[in-house]
Each structure stands twice: as structure tokens, then as C-alpha cells.
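Small disclaimer: the values here were computed from a predicted structure and weren't measured. Residue numbering restarts at 1 for every chain, and letters A, B, ... go by the order of the sequence lines.
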Amino acid sequence: MKIATFNINGIKARIDALPQWLDEAQPDVAILQEIKSVDEGFPRELFEDRGYNVETHGQKSFNGVAILSKLALEDVTRGLPGDDSDDQARYIEATVVGDHSSVRLCGLYLPNGNPAPGPKYDYKLAWMQRLEDRARALLAEETPFLLTGDFNIIPQAEDAATPDAWREDALFRPESRAAWRRLLALGLTEAFRARTQGPGHYSFWDYQAGAWNRNNGIRIDHFLLSPAIADSLRDCQIDKDVRGREKPSDHVPVWVDLDL
DNA sequence: ATGGCGCCCCGAGGGCGA
């Protein structure tokens with residue numbers, strides 16, 4: 001089962017590039033972030049015509065997540081538990097059933113958190129604590145799951161072309177990376193690093209200052225696999241070439257192939 | 001790593017992202 005994550009930076013702006021990538025990459029599941037659309041405004045027919053079931057959790061102008069799946073999506077829930085006052089659309093869950101096992105898909109758009117320190121950074125760290133709590137609950141009930149999406153976390157210095165430029169940034173500050181390591185310490189497997197070592201692998205290049213042409217990128221889009229499905233990992237790749245196309249998002253797709 | 005880019009919004013320039 002091929003499962004991809006892709007921060008598309010606006011569905012209206014990616015109305016051609018997203019279907020084009022889907023048609024060639026042929027993921028069974030695509031988990032999207034930053035659709036920047038309300039649910040009613042999401043062009044679901046575009047994907048339904050390609051055989052995808054569509055579940056969205058959107059809001060006006062900002063944020064918004066979605067799951068496209070060629071397999072049926074069951075028990076869809078919207079929003080990250082733990083704060084009823086949080087009205088930002090950043091989280092969606094659904095279950096897909098494979099040939100011999102099912103998996104709970106947790107699609108997330110983790111807050112950026114800049115400027116740090118400050119209230120936006122506090123929100124990011126609190127959100128990460130809620131995510132950890134949610135992962136603990138899924139582990140406790142022995143539900144096989146994966147967390148994927150735009151984590152807005154640079155895990156290590158090797159995940160940035162210019163790490164020194166990020167030292168004070170919310171994506172790389174010690175508290176952010178400590179929260180990331182607490183997730184891993186639950187026993188979760190980071191899919192990309194289970195397959196590929198070393199620097200130079202990025203999933204985001206800023207639109208500004210020629211970042212793409214200079215390969216000044218960061219790796220912030222991730223898959224975390226629960227212990228029950230970690231052994232089913234067959235492959236994990238970054239579709240880097242998508243960044244060099246016509247009217248690209250600033251992120252590129254990352255995908256896993258799981259034997260489910 | 002921000003001046004620079006690009007997206008959003010009923011309309012123009014400010015908020016936001018990373």
C-alpha cells in the first residue's frame with residue numbers, strides 16, 4: 001500500500017499540479033495539508049473521478065487537511081483531541097483496511113510556531129503534547145497507526161542545508177526537537193531514516209531567495225510508524241523532482257510503501 | 001531565513017507561512 005503525504009499550499013493554486021502528480025505517482029492514499037479551503041469548496045469530484053474517496057477537514061483561508069484514498073475510509077474523525085477551544089483545522093484520522101491488516105491514518109499539519117518564543121510557539125509545543133497524548137492512547141488500545149504530514153520539525157542538523165540559520169527557529173529549537181524525540185521514544189519508527197542515512201534529503205524549499213536552485217532545503221514532512229506496522233515498511237521516498245515543475249508547492253510529496 | 005516568494009481574501013495590501 002502506497003501512502004503519501006503532501007503539503008499542497010492551497011488546493012486552488014494546485015488544481016493542475018496535484019492531479020498530475022496523483023496520475024503518475026498513483027498512491028493508494030494521499031494525505032494532504034494546507035488545502036486552504038472550506039470543505040464545500042474542495043474540488044472532490046476531481047479526485048472521485050480518479051477513484052479516490054475524499055475526506056476533508058477544512059477552514060477558510062488557512063490550514064486544512066484531507067485524505068484521498070482508493071480504499072474505503074472508515075471511522076473518520078476530525079480535530080486533534082485535548083483542547084476544545086482549538087479551532088484550527090490541522091488534524092484528521094481514518095482507518096484503511098489492507099489485504100491482511102488495517103491501519104489508522106493520522107494526518108497532521110503541525111503548527112509552525114514562529115516567532116519563538118511567544119504565544120504561537122506555546123501553541124506549537126502544546127499541540128505536540130496533545131499529539132503525544134493521542135499516540136499514547138492509540139498504543140494503549142493496540143491500534144496499528146501512522147502519524148504523517150507536515151510536522152514543521154527539522155529533526156537533526158543533517159536535515160537542513162544550512163542548520164546554523166535555523167538554530168533559533170521554531171522548527172529547530174531544542175524544545176521542538178525534544179518534543180519530536182519524545183514521540184520517537186514511544187517506540188515509533190521514522191520511516192525515512194529507517195531506509196536512508198546522511199545529509200542532503202529535503203522536503204521543503206522556500207519560494208524566496210532561490211532556495212530551490214541552491215538546494216537550500218529542509219526535511220520537515222515525515223512518517224512515524226507504530227511498532228505493529230514498522231516491520232511492514234518496504235520503502236520510503238521523497239518525490240523531489242515535483243519541486244522543479246510548473247507552479248509547484250513549496251513542499252514535495254513523501255511516501256511510504258507498506259506491506260499491509 | 002527574509003527585502004527578495006507565493007498564497008489567501010470579493011478587490012488591495014496586509015496576514016501568514018517556514
- [ ] Name the first nucleotide and the last nucleotide along DNA chain B (5' to 3') that come under 4.0 Å of a heavy atom in chain A.
- [x] B/dA1 to B/dA18
- [ ] Taking atom P in both B/dA12 and B/dA18, compute the distance separating them and give it to the nearest angstrom.
- [x] 28 Å
TODO: Would you mind classifying the nucleic acid contact of A/Asn63 as base, sugar-phosphate or nothing, using non-hydrogen atoms under 4.0 angstrom?
DONE: nothing
Task: Pairing residues for A/Thr143 by the side-chain contact (heavy atoms from CB on, under 4.5 Å) criterion, not counting sequence neighbours - done: A/Arg104, A/Leu138, A/Glu141
Task: With A/Phe62 via ring pair (Phe, Tyr, Trp, His ring centres under 6.0 Å) - residues at least two apart - done: none
Open item on the list: Give me the distance, rounded to whole Å, that separates B/dG11 from B/dG15 when you measure between the P atoms they each carry.
Closed with: 16 Å
Task: 5' priority, DNA chain B, between A/Tyr207 and A/Asp250 [closest heavy atom] - done: A/Tyr207
- [ ] Could you work out the separation of B/dG3 and B/dC9 based on their P atoms and round it to a whole Å?
- [x] 26 Å
- [ ] May I ask you to decide if A/Gly64's main-chain N or O and A/Tyr109's side chain share a donor-acceptor pair within less than 3.5 Å?
- [x] no
- [ ] Using the test ring pair (Phe, Tyr, Trp, His ring centres under 6.0 Å), find all partners of A/Phe42 that sit at least two apart in sequence or belong to another chain.
- [x] A/Phe47
Open item on the list: Heavy-atom nearest nucleotide on DNA chain B for A/His251 versus A/Ala13: which residue maps closer to 5'?
Closed with: A/Ala13
Task: Pairwise P distance, B/dG14 and B/dG4 [rounded to whole Å] - done: 13 Å
Open item on the list: Distance check, C1' atoms only: B/dT2 and B/dG17, in whole angstrom units.
Closed with: 12 Å
- [ ] Name all pairs fulfilling the ring-ring contact (aromatic ring centres under 6.0 Å, His included) condition that reach into residues 136-185 of chain A, sequence neighbours left out, sorted by first residue then second.
- [x] A/Phe151-A/Trp180, A/Phe151-A/His222, A/Trp180-A/His222
Open item on the list: Within the 4.0 Å heavy-atom criterion, would you say A/Phe172 contacts the bases, only the backbone, or no part of the nucleic acid?
Closed with: nothing
Task: N/O donor-acceptor pair under 3.5 Å between A/Arg130 side chain and A/Leu80 backbone - done: yes
TODO: Have a look at A/Arg14 and say if it touches a base, only the backbone sugar-phosphate, or nothing, with a 4.0 Å heavy-atom cut-off.
DONE: sugar-phosphate
Open item on the list: Base, sugar-phosphate or nothing for A/Asn216? Non-hydrogen atoms, less than 4.0 Å.
Closed with: base
Open item on the list: Over all strands shown, is A/Asn7 touching base, sugar-phosphate only, or nothing at heavy-atom distances under 4.0 angstrom?
Closed with: sugar-phosphate
Task: Sugar-phosphate only, base, or nothing, as touched by A/Asn9 at under 4.0 Å among non-hydrogen atoms - done: sugar-phosphate
Open item on the list: So A/Lys124, base contact, sugar-phosphate only, or nothing? Heavy-atom distance under 4.0 Å.
Closed with: nothing
- [ ] Hydrophobic side-chain clustering at under 4.5 Å (ILVMFWY, transitive links): who's grouped with A/Val97? Put none if nobody.
- [x] none
